[in-house]
Student: 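Handing you a structure now.
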Number of protein chains: 2
Amino acid sequence: MLRPAEQSSQTSVKVANDVPALSKLGIVVRFGRHETIFNQGDEAKYSYRLVSGAVRHSKFLVNGRRQIADFSLPGEYFGFQNDCEHSLTAEALSDVVVVRYPRSHVERLGEEVADVRRELMLNLRRELMMAQEHLVMLGRQSAKERVASFIVALANRVDAGNGDTITLPMGRQDIADYLGLTIETVCRAISDLKQCGVIKVPNRHELVLLRLDVLEALASGESDED
Amino acid sequence: MLRPAEQSSQTSVKVANDVPALSKLGIVVRFGRHETIFNQGDEAKYSYRLVSGAVRHSKFLVNGRRQIADFSLPGEYFGFQNDCEHSLTAEALSDVVVVRYPRSHVERLGEEVADVRRELMLNLRRELMMAQEHLVMLGRQSAKERVASFIVALANRVDAGNGDTITLPMGRQDIADYLGLTIETVCRAISDLKQCGVIKVPNRHELVLLRLDVLEALASGESDED
DNA sequence: CGCTTGCTTGAGTCTGATCAATGCTCGTGG
DNA sequence: CCACGAGCATTGATCAGACTCAAGCAAGCG
């Protein structure tokens, strides 16, 4: 199917519906599962919009520890935040299709078109706010609360409600590295939630929301619930 | 001395050296120690530049837990990140002098002047990168490493080196809430560092850097050091 | 079919939280 | 000027939640 090596089709596409002015600049590029899209420290030559698949954005410490800052889902932009070099490593969680924009063009468009500018600004602000929520999770929530928050956030992002099944495009280790936990702790928290009848887990990559209300209570730290 | 109630002198000032175009818009405002400058959820009517004192930016959870996202030191801007409502509560750590800019004017200037725009963008990016570093700390560093990181970051911000004395404008509880720890753990970590001869602590609000190299090693997670 | 890869569960340990007591500093009033 | 008290900071003892290490399990694939 998809080759691990980067394949580009030079067709311009109409996926950038949020920023129509951008659409003409992008080309489609594919990455295989676990391929690196760009590395922390790389010169930020391109920005991206994710068409399909999922991407993780992480930082690595000297001793091999990893912190995932964010996941990208289809329709979302990434790689816009830095002008000179990327501050995060972006890797494909699965086979991935992106639209790639040369940064220099994006930059110029930003200077010239007010709409693009506003959109870029808005994007940055959204990311900052998400990072702030993430800080609260890592700094002040228990393991179970973090896992609940994670599920609720994911559900909101794909607009899922009670009874709906959501897909987890990332593995347990990725969730752990996002939540600042170990894989075992994440597993146990998920098992707990399963036990309590709050979720169902038909398989590794799927999750059925049974009691979104309980999850939300846990996520916001209503400590008396178990 | 400074009254707790907000006092404004309607003189325009020349403090915004980074963004000269802004300087004419600002007025000087004072806040007393522990006064709230704005609350999470408040309409973002103003942006600020800190002239003197220090400010903490925090999020509160329902159960009273608090996560501090950032501190502002003299010369720094804050309250620019949101267009509609503030996502963080800003409080004066000490008596504080700020220059206050009406957001609507900032917004307009941003539309019209490329320099201002670039500066605003840069500011947002800086904040996002700081938040990402913060995430790593909270997610993947031990208590001692976090405290070391905190000290190193502060030292860098005020451009202090070995032998220099740095001022801690915040209390221990604030440090704890920034680092996602308890006040006791922060104290113990500081005591440890004192014990190892890495820092000296002449009093609550001052700290002498004796071995910045060791602090940096700890901060970056070179696990063999103690 | 057996191997690999990733997930789950269990047992024991350890780091950091909690609870409790004491110390220090500064400002206020006798 | 000293005594007192408020507000933090520090230190100690104990506890618990999350980590580590270790084993077993399920699914996918060559």
Side-chain angles (χ1 to χ4, degrees), chain A residues 1 33-34 56 61 63-67 93-95 137-150 167-195 199-207 218 221 223 226, chain B residues 1-2 32-34 56 61 63-67 93-95 137-150 167-195 199-207 218 221 223 226:
Chain A
M1 319 243 89
R33 177 175 146 87
H34 290 170
R56 71 176 170 227
L61 284 81
N63 47 13
R65 285 179 279 187
R66 181 179 68 161
Q67 176 65 45
L93 282 170
S94 53
D95 290 337
M137 251 176 40
L138 299 192
R140 289 293 177 230
Q141 295 201 279
S142 71
K144 204 169 175 182
E145 288 169 349
R146 292 184 210 188
V147 171
S149 297
F150 176 74
T167 301
L168 303 173
M170 68 296 285
R172 297 289 188 268
Q173 184 61 61
D174 293 319
I175 300 178
D177 285 345
Y178 179 78
L179 297 178
L181 299 170
T182 60
I183 187 172
E184 293 95 330
T185 302
V186 171
C187 270
R188 280 186 247 272
I190 292 177
S191 295
D192 272 17
L193 294 173
K194 213 165 48 178
Q195 215 70 42
I199 56 172
K200 236 184 326 191
V201 186
N203 64 64
R204 296 183 186 345
H205 289 295
E206 283 186 333
L207 191 149
L218 270 170
S223 41
D226 200 23
Chain B
M1 322 241 89
L2 296 166
R33 177 175 146 86
H34 291 169
R56 72 176 169 227
L61 283 82
N63 47 14
R65 286 179 279 186
R66 180 179 71 162
Q67 176 65 46
L93 282 170
S94 52
D95 290 337
M137 251 175 41
L138 298 193
R140 287 294 177 231
Q141 295 201 279
S142 71
K144 203 169 174 181
E145 289 168 348
R146 292 184 210 188
V147 172
S149 298
F150 176 74
T167 302
L168 303 173
M170 68 296 285
R172 296 292 188 268
Q173 184 61 60
D174 293 319
I175 299 177
D177 285 345
Y178 179 78
L179 297 177
L181 299 170
T182 59
I183 188 173
E184 293 95 331
T185 301
V186 171
C187 268
R188 280 186 248 272
I190 291 177
S191 296
D192 273 16
L193 295 173
K194 215 165 46 178
Q195 215 71 42
I199 56 172
K200 237 185 324 192
V201 186
N203 63 65
R204 295 183 186 347
H205 289 296
E206 282 186 334
L207 192 149
L218 271 170
S223 42
D226 200 21

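Residue numbering restarts at 1 for every chain, and letters A, B, ... go by the order of the sequence lines.
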Student: Identify the two heavy atoms, one from B:Leu218 and one from B:Ala148, that lie closest to each other, and give their separation to 0.1 Å.
Tutor: CB-CB, 3.7 Å
Student: Whole Å only: how far is the CG atom of A:Asn63 from the P atom of D:dT20?
Tutor: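 Computing the A:Asn63:CG to D:dT20:P distance gives 11 Å.
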Student: Is it true that a side-chain atom of A:Arg146 and a backbone atom of A:Ala176 form a donor plus acceptor pair closer than 3.5 Å?
Tutor: no
Student: Just how far, in rounded Å, is C1' of D:dG17 from CD of A:Glu145?
Tutor: 12 Å
Student: Quick one: B:Ile190 CD1 to D:dT11 P, roughly how many Å, whole number?
Tutor: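 Whole-Å distance recorded here is 10 Å.
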Student: Write down the protein N/O and nucleotide N/O pairs, taken from nucleotides 5-8 of chain D, whose separation is under 3.5 Å; answer none if there are no such pairs.
Tutor:
none

Student: List in chain and number order the residues that pass side chain to side chain contact (heavy atoms under 4.5 Å, CB included) with B:Lys200, two or more places apart in sequence or in another chain; answer none if no residue qualifies.
Tutor: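 For B:Lys200 the side chain to side chain contact (heavy atoms under 4.5 Å, CB included) partners, ignoring immediate neighbours, are B:Val208, B:Leu210.
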Student: For the pair made of CG in B:Leu207 and P in D:dT10, what is the distance, rounded to whole Å?
Tutor: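 Taking atom P of D:dT10 as the reference, CG of B:Leu207 is at 10 Å.
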Student: In whole Å, what is the span from the NZ atom of B:Lys194 to the C1' atom of C:dC24?
Tutor: 12 Å
Student: Testing the basics here: between A:Arg172 and A:Val201, what is the closest heavy-atom pair and its distance to 0.1 Å?
Tutor: NH2-CG1, 4.1 Å
Student: For every nucleotide of nucleotides 11-22 of chain C, 5' to 3': is a protein heavy atom under 4.0 Å from its base (B), only from its sugar-phosphate (S), or from neither (-)?
Tutor: B----SSBB---
Student: I'd like to know if the side chain of A:Gln67 and the backbone of A:Tyr178 have a donor-acceptor N/O pair within less than 3.5 Å.
Tutor: yes
Student: State whether the side chain of A:Arg140 and the backbone N or O of B:Arg65 hold a donor-acceptor pair below 3.5 Å, judged by distance alone.
Tutor: no
Student: Name all residues meeting the side-chain hydrogen bond (donor to acceptor under 3.5 Å, both in side chains) criterion together with B:Arg66; count only those two or more places apart in sequence or in a different chain, and write none if there are none.
Tutor: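 If we apply the side-chain hydrogen bond (donor to acceptor under 3.5 Å, both in side chains) test to B:Arg66, skipping adjacent residues, the hits are B:Asp174, B:Asp177.
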Student: Provide, to the nearest angstrom, the distance between the CG atom belonging to B:Asp192 and the P atom belonging to D:dT10.
Tutor: 12 Å
Student: Rounded to the nearest Å, what distance is computed from the CG atom of residue B:Asn203 to the C1' atom of nucleotide C:dT25?
Tutor: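 Distance, rounded to whole Å: 10 Å.
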Student: Sequence neighbours left out, what passes side chain to side chain contact (heavy atoms under 4.5 Å, CB included) with A:Ser142? Give chain and number order.
Tutor: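 A:Lys144, A:Glu145.
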Student: Show every donor-acceptor pair shorter than 3.5 Å between a side-chain atom in residues 179-186 of chain B and any protein atom, with sequence neighbours excluded, or say none if there are none.
Tutor:
unit_1, atom_1, unit_2, atom_2, d
B:Thr182, OG1, B:Thr185, N, 3.3
B:Thr182, OG1, B:Thr185, OG1, 3.0

Student: Nearest-Å distance, CD1 (A:Ile199) to C1' (C:dT8)?
Tutor: 14 Å
